[in-house]
Amino acid sequence: MKLKAKTMLVEKLSFTNHDLLKNLCGENDKNLKLIEKLEPVRVKAWGNHISVSGQENNTKKISSLLLQLYSIMEKGWHIHPSDIDYAHRILSEDITFELSRIFLDTVFISSKKRIITPKSIAQRLYIEYMRNFDMVFAIGPAGTGKTYLAMAMAVSFLLEKKVQRIILARPAVEAGERLGFLPGDLAEKVNPYLRPLYDALYDMVDPDKASALIGKNFIEVAPLAFMRGRTLNDSFVILDEAQNTTSEQMKMFLTRLGYGSKAVITGDVTQVDLPQEKTSGLIEAENILNGIDRIRFIHFSEIDVVRHPLVQDIIKAYAPLDKAKRNNSAG
């Protein structure tokens with residue numbers, strides 16, 4: 001029996017603006033070379049044209065990628081190599097997806113004039129949930145933008161006066177908040193565990209302005225234990241590293257939400273550091289709250305990682321071990 005030959009295709013793309021085309025191709029065609037590493041195609045530029053050749057599915061995907069990125073550039077967007085990588089990941093998930101829905105969806109412009117936008121379909125859905133729902137759970141591995149995008153959305157809400165303050169919380173010490181075992185006063189014990197939240201904040205807001213907002217209590221960064229007994233009105237509240245909350249801590253946090261407030265809870269269920277006899281409040285909350293209409297859960301995977309590409313491979317390699325651990329703890 002003869003095997004059916006694979007369909008090969010050559011597509012010639014034409015562009016009107018030569019300067020935009022040069023930027024799309026990159027210096028010495030470095031962007032086109034990157035595309036050839038991402039997908040088994042040949043990409044060649046000449047004049048105001050680019051040709052793409054390869055198997056039909058691959059050629060159609062890359063042709064769509066180039067045409068859509070060019071269209072986005074016409075609207076003022078400057079393309080970086082990382083944008084090409086993100087665009088390729090998105091079209092590999094869904095070849096019909098409109099990239100402009102992600103690249104032109106500005107969440108926030110940081111003090112460093114960097115435009116913060118979603119980088120994957122899941123990230124865009126996450127942003128949509130944060131805009132439209134008062135409680136959102138973001139679950140997935142490190143590097144997927146869970147905390148960073150939540151922080152960008154919170155700062156945006158504060159500066160637009162949609163909320164009166166931002167509250168950032170996380171378990172102070174992973175294994176049960178045992179602050180007494182650490183040297184120093186309370187601030188010295190707590191600060192190392194809150195550092196990632198400060199880092200994300202200072203990446204978006206000028207440090208002097210951030211310090212002023214913190215000093216005037218417009219932004220509060222505190223360990224989870226400090227939330228007990230409070231009612232949080234007109235606030236954007238972020239609970240980070242939520243997989244390391246106990247069942248009791250999670251219920252306490254969720255019931256702090258007051259009028260005019262939003263809560264975003266982020267965590268990685270493969271990185272639970274609680275004692276074995278303790279149930280993760282994040283895992284339990286998903287099982288209990290998943291059916292409530294006004295709450296949304298978004299799950300991220302290695303596809304959504306926006307760090308070094310190697311991080312995706314590492315997360316993927318660990319996935320079977322993480323699954324086995326979760327199954328053993330459930331049993």
Side-chain angles (χ1 to χ4, degrees), residues 120 122-123 125-127 129-130 133-154 166-177 190 192-201 221-227 232 236-257 262-290 292 295-307 311-312 314-315 318-319 321-323 325-327 329-330:
S120 70
Q123 284 193 359
L125 186 61
Y126 181 34
I127 288 164
Y129 284 168
M130 287 192 286
F133 294 90
D134 290 338
M135 187 172 289
V136 178
F137 287 79
I139 300 171
T144 50
K146 304 182 302 295
T147 304
Y148 196 81
L149 286 174
M151 185 75 79
M153 188 65 72
I166 298 171
I167 299 175
L168 312 170
R170 65 183 300 187
V173 180
E174 280 73 2
E177 299 195 11
V190 165
Y193 298 95
L194 302 177
R195 189 76 252 166
L197 294 173
Y198 282 111
D199 290 342
L201 175 62
V221 187
L224 177 59
F226 285 22
M227 298 296 105
L232 307 174
F236 198 117
V237 192
I238 300 171
L239 174 58
D240 193 35
E241 296 289 333
Q243 76 276 4
N244 289 320
T245 61
T246 64
S247 173
E248 296 78 12
Q249 287 170 337
M250 178 60 80
K251 183 182 176 185
M252 177 273 292
F253 173 81
L254 297 178
T255 54
R256 299 307 93 201
L257 198 66
K262 283 184 178 285
V264 178
I265 300 95
T266 72
D268 178 1
V269 295
T270 69
Q271 298 291 327
V272 177
D273 296 314
L274 293 170
Q276 204 162 19
E277 69 274 8
K278 291 282 189 181
T279 300
S280 166
L282 179 59
I283 295 172
E284 184 180 73
E286 182 173 17
N287 293 332
I288 293 172
L289 305 176
N290 213 2
I292 297 179
I295 297 175
R296 285 294 180 271
F297 287 82
I298 181 77
H299 290 267
F300 295 95
S301 69
E302 75 278 353
I303 295 171
D304 305 297
V305 170
V306 290
R307 292 179 180 171
V311 176
Q312 291 181 55
I314 292 169
I315 292 169
Y318 269 93
L321 179 61
D322 293 332
K323 186 177 180 180
K325 285 180 179 177
R326 288 199 301 274
N327 289 341
S329 62

Using side chain to side chain contact (heavy atoms under 4.5 Å, CB included), reason through I167 and M227 one step at a time and then give a plain yes or no. CA-CA 10 Å; I167 299 175; M227 298 296 105; 3.9 Å; yes
Minimum-distance pair of heavy atoms, taken over all atoms of L257 and M135: CD2-CE, 3.9 Å
Could you tell me which non-hydrogen atom of P141 sits nearest to which non-hydrogen atom of E302, and how far apart they are? CG-N, 4.3 Å
Those residues that, when tested against I288, pass side chain to side chain contact (heavy atoms under 4.5 Å, CB included) (two or more places apart): E284
Would you indicate whether the side-chain heavy atoms of L239 and M250 approach each other to under 4.5 Å? yes
Any non-hydrogen side-chain atom of L254 less than 4.5 Å from a side-chain atom of I265? yes
Could you go through M252 and L224, starting from their C-alpha distance and side-chain angles, then the distance that decides it, and tell me whether this counts as side chain to side chain contact (heavy atoms under 4.5 Å, CB included)? CA-CA 9 Å; M252 177 273 292; L224 177 59; 4.1 Å; yes
Pair H299-E286, side chain to side chain contact (heavy atoms under 4.5 Å, CB included): steps then yes or no: CA-CA 11 Å; H299 290 267; E286 182 173 17; 2.7 Å; yes
Minimum side-chain heavy-atom gap M153-I127 below 4.5 Å: yes
For D304 and S120, does a side-chain donor sit closer than 3.5 Å to a side-chain acceptor? yes
Nearest heavy-atom contact between S280 and A242 is OG-O, 4.5 Å
So do the side chains of F297 and N290 get within less than 4.5 Å of each other, counting heavy atoms only? yes
Minimal heavy-atom distance between Q271 and N244, with the atoms involved, is O-OD1, 3.7 Å
According to the interplanar angle, ranging from 0 to 90°, do the rings of Y129 and F133 count as parallel (below 30°), tilted (30 to 60°) or perpendicular (above 60°)? perpendicular
Inter-residue atom distance D134.CG - K262.NZ, 0.5 Å rounding: 5.0 Å
After noting the C-alpha distance and the side-chain angles of I139 and D268, does the key distance pass the side chain to side chain contact (heavy atoms under 4.5 Å, CB included) rule? CA-CA 6 Å; I139 300 171; D268 178 1; over 6 Å; no
Side chain to side chain contact (heavy atoms under 4.5 Å, CB included) involving E248 - partner list, sequence neighbours excluded: T246
Residues passing the side chain to side chain contact (heavy atoms under 4.5 Å, CB included) test with T266, sequence neighbours excluded, are Y126, A138, K146, T147, D240, V264
Expected output: side-chain T255 to main-chain K251 donor-acceptor under 3.5 Å: yes
Do R256 and V237 touch side chain to side chain, with heavy atoms closer than 4.5 Å? no
Could you grab the distance from atom CZ of F253 to atom CZ of R170, nearest 0.5 Å is fine? 13.5 Å
If I take atom CD from residue E241 and atom CG from residue D273, how far apart are they, to the nearest 0.5 angstrom? 8.0 Å
Spatial distance of atom CD1 (I238) from atom CG (L168) [nearest 0.5 Å]: 5.0 Å
CG-OG distance between L282 and S247, expressed to the nearest 0.5 angstrom: 11.5 Å
